[in-house]
J.: 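The structure is given below, and queries will be raised subsequently.
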2 protein chains.
Amino acid sequence: MTTSPDAPRRPLTLKDVSEASGVSEMTVSRVLRNRGDVSEATRDRVIAAAKELGYVPNKIAGALASQRVNLVAVIIPSLSNLVFPEVMTGISQVLDDTPLQPVVGVTQYKPEKEEDVLYEMLSWRPSGVIIAGLEHTEPARAMLAAAGVPVVEIMDTDGEPVDAMVGISHRRAGREMAKAIVAQGYRRIGFLGTGMPLDHRARKRFEGFTEALAKAGVEIADREFYSGGSALAKGREMTEAMLNRTPDLDFLYYSNDMIGAGGLLYCLEKGIDVPGKLGLAGFNRVELLDGLPRRLATMDACRLEIGRAAARIIADRSSDPEIPGGQRDILTPTIDPGDTLYRSRPRV
Amino acid sequence: MTTSPDAPRRPLTLKDVSEASGVSEMTVSRVLRNRGDVSEATRDRVIAAAKELGYVPNKIAGALASQRVNLVAVIIPSLSNLVFPEVMTGISQVLDDTPLQPVVGVTQYKPEKEEDVLYEMLSWRPSGVIIAGLEHTEPARAMLAAAGVPVVEIMDTDGEPVDAMVGISHRRAGREMAKAIVAQGYRRIGFLGTGMPLDHRARKRFEGFTEALAKAGVEIADREFYSGGSALAKGREMTEAMLNRTPDLDFLYYSNDMIGAGGLLYCLEKGIDVPGKLGLAGFNRVELLDGLPRRLATMDACRLEIGRAAARIIADRSSDPEIPGGQRDILTPTIDPGDTLYRSRPRV
DNA sequence: ATGAAAGCGCTAACAT
DNA sequence: ATGTTAGCGCTTTCAT
């Protein structure tokens, strides 16, 4: 591509390419989209002209004319959570083999912000929507229902989706972990979590957790919540505070691996016998933490798989509108006991 | 908003709102955009009708007609890097006070992918482009130059930008750290980094580092590179391998805080005297790590500030096209010695 | 304060 | 294999 003496401020149009190549706009359009029959010769001339001029098609006009937009709206609470980049990776893996492209919107766990972001994204008429969680404002649900494109609600399956859903049951995840903990004989259990009332998944895990404990006749012995700051540091501080307040605890359940790791480091430093005297578990297997001195017990939330499955649904339904909606893909998270849950290990 | 008995598959248009409210399309458009004079009465009727129908404007048509798109293309190598979400936060902070909206594209550190993503995004005619790094393919540079909108290249300032640039000099960052290390009397220095030949910023830091060491008559005594896997675990493994191979090293410089933290944990576990016998330093202050038993020496790369400054430039220039381009904002990263760089601490 | 007409840059549908 | 025509849904501009 050569730069002409003075670059035009006006963006180039099909017409420019048409004139430069001596071919009709329509044919240029066909070449640029690999559509319909075009002779080798004209194709070459058009491509040469487009390249020479540095033409970049105007998708806005294209989308308006064709009523098709190859964008998939992905709406998530945060990018710094580690969890969501992984979901994005799964989505991208699948969409990379299609003409579709993800576009991310971040809500910061705020329902009104979610509503705004959704409205904004729907106004671009995307081919599909992937949105985290099942809890939305009334207007947001209405918009999703009226969008006229596939909608996949991800991460959580404890509730009724507008259309399709892919995720895990966080209530069940909490229950399973509670059962595993009780099965190991722990009885004096503390809970440490985020203070975010709007993190519904964390809330549901907690509910499932206490529910299963209750069934075993156990009650949470102490609890503490945090917000803001470095999760690792917070985990450390909270653990110290809780153990000072309630020294007879024999298990700490953390609502995520980062604060759990902070707690683990604290315990190791203090020479506390883990998991002999004190068991620990987190949630959301964070690969990043694999280099810790000891592996924290945790549960994999299947993030990559959730992203892939959601994208699959959008891709399939958007290429074949005959496919009905309402898919339910409930994945099963499994406990990874790491080194901090099982008191007795199998003898070698 | 009420849901009509059978929801229409066809998306609603201005015309629908116009008919429902008995007002011309033009006036509806004015109301919905808060433009021009509209009487209180008609405004209310229009808003009521739009809400009742659940009308979502079509930005594609709007953008085509007005030749204005309130999107800012943000092109970054990765979302899992921790660094980039922080840059995004800075960008959002500033754009939230404007009509502009960021749209993210991810390149996975691949030049061709970057070219594709850029082409794709430019075809939506964004109001500005924020792109990581100064190294791009020839076509990518040409596209940026011809885009006709503000372009800000961020993170790195060692090179010539197409238009504006905001970032730090990674070469200088490497030099500064080398000087600080030598000043502490360390002489047998090992380097541990990513094996990514396309991470130009890591490469420049390394070059600056070796250059400043050379000036002090010191040469890198050992080096090791990794790719893939958990950074913490890799840092641990690499550190072990290097110390076994070259036991007389007295300093380890890591190309990022995550692998540095892995190394730090390893050293503490082995009872190595840090920083007495072995000093450590990373790069890119990661808040997430604040809860480690000891604070790793590092350097803040000013990510939040870079995002904010870049967004500022786009916002300003896009609201006032008279403002000329070519801004250069070179921020100064500072060394945070943490607990692993200074051998002698000030006595209390 | 409101409306009518023209057209943004492209593509669907129909010629040829 | 290529060209022509008529919009896509909105906003700009110019009337009233």
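Residue numbers begin at 1 in each chain, while the letters A, B, ... track the order of the sequences.
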J.: How would nucleotides 7-16 of chain D be written as a contact map, 5' to 3', with B for base contact, S for sugar-phosphate-only contact and - for no contact, using protein heavy atoms under 4.0 Å?
T.: BBBBBB----
J.: Between B/Arg317 and B/Glu322, is the closest basic N to carboxylate O distance under 4.0 Å?
T.: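 B/Arg317 and B/Glu322: not salt-bridged.
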J.: Does the distance from a Lys or Arg side-chain N to an Asp or Glu carboxylate O, for A/Lys113 and B/Asp96, drop under 4.0 Å?
T.: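 Yes, A/Lys113 and B/Asp96 are salt-bridged.
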J.: Which donor-acceptor pairs under 3.5 Å do the side chains of residues 101-110 of chain B make with protein atoms, sequence neighbours left out?
T.:
| unit_1 | atom_1 | unit_2 | atom_2 | d |
| --- | --- | --- | --- | --- |
| B/Thr107 | OG1 | B/Tyr109 | N | 3.3 |
| B/Tyr109 | OH | B/Asn81 | ND2 | 3.0 |

J.: For B/Val83, does its backbone N or O pair with a side-chain atom of B/Arg303 as donor and acceptor, under 3.5 Å?
T.: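 A pair under 3.5 Å: no.
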J.: Is a side-chain donor or acceptor of A/Ser21 paired with a backbone partner of A/Val17 at a separation under 3.5 angstrom?
T.: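 It does hold such a pair.
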J.: Just how far, in rounded Å, is P of D/dA1 from CG of A/Asp37?
T.: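 Between P of D/dA1 and CG of A/Asp37: 4 Å.
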J.: Answer yes when B/Arg43 and B/Asp37 have at least one side-chain N-carboxylate O distance shorter than 4.0 Å, and no when they do not.
T.: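 No, no charged N to carboxylate O under 4.0 Å.
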J.: Taking DNA chain D as the partner, which of residues 39-46 of chain B come within under 4.0 angstrom of it by heavy atom?
T.: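 Contacting residues: none.
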J.: Taking NZ, NE, NH1 and NH2 as the nitrogens, is one of them in A/Asp163 or A/Arg328 under 4.0 Å from a carboxylate oxygen of the other?
T.: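 No, this pair does not count.
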J.: Can you list the steps and then say if B/Ser39 with B/Thr42 is a side-chain hydrogen bond (donor to acceptor under 3.5 Å, both in side chains)?
T.: CA-CA 6 Å; B/Ser39 75; B/Thr42 39; 2.7 Å; yes
J.: Looking at A/Thr27, does any N or O in its side chain come under 4.0 Å of the phosphate oxygens OP1/OP2 on D/dT2?
T.: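 No.
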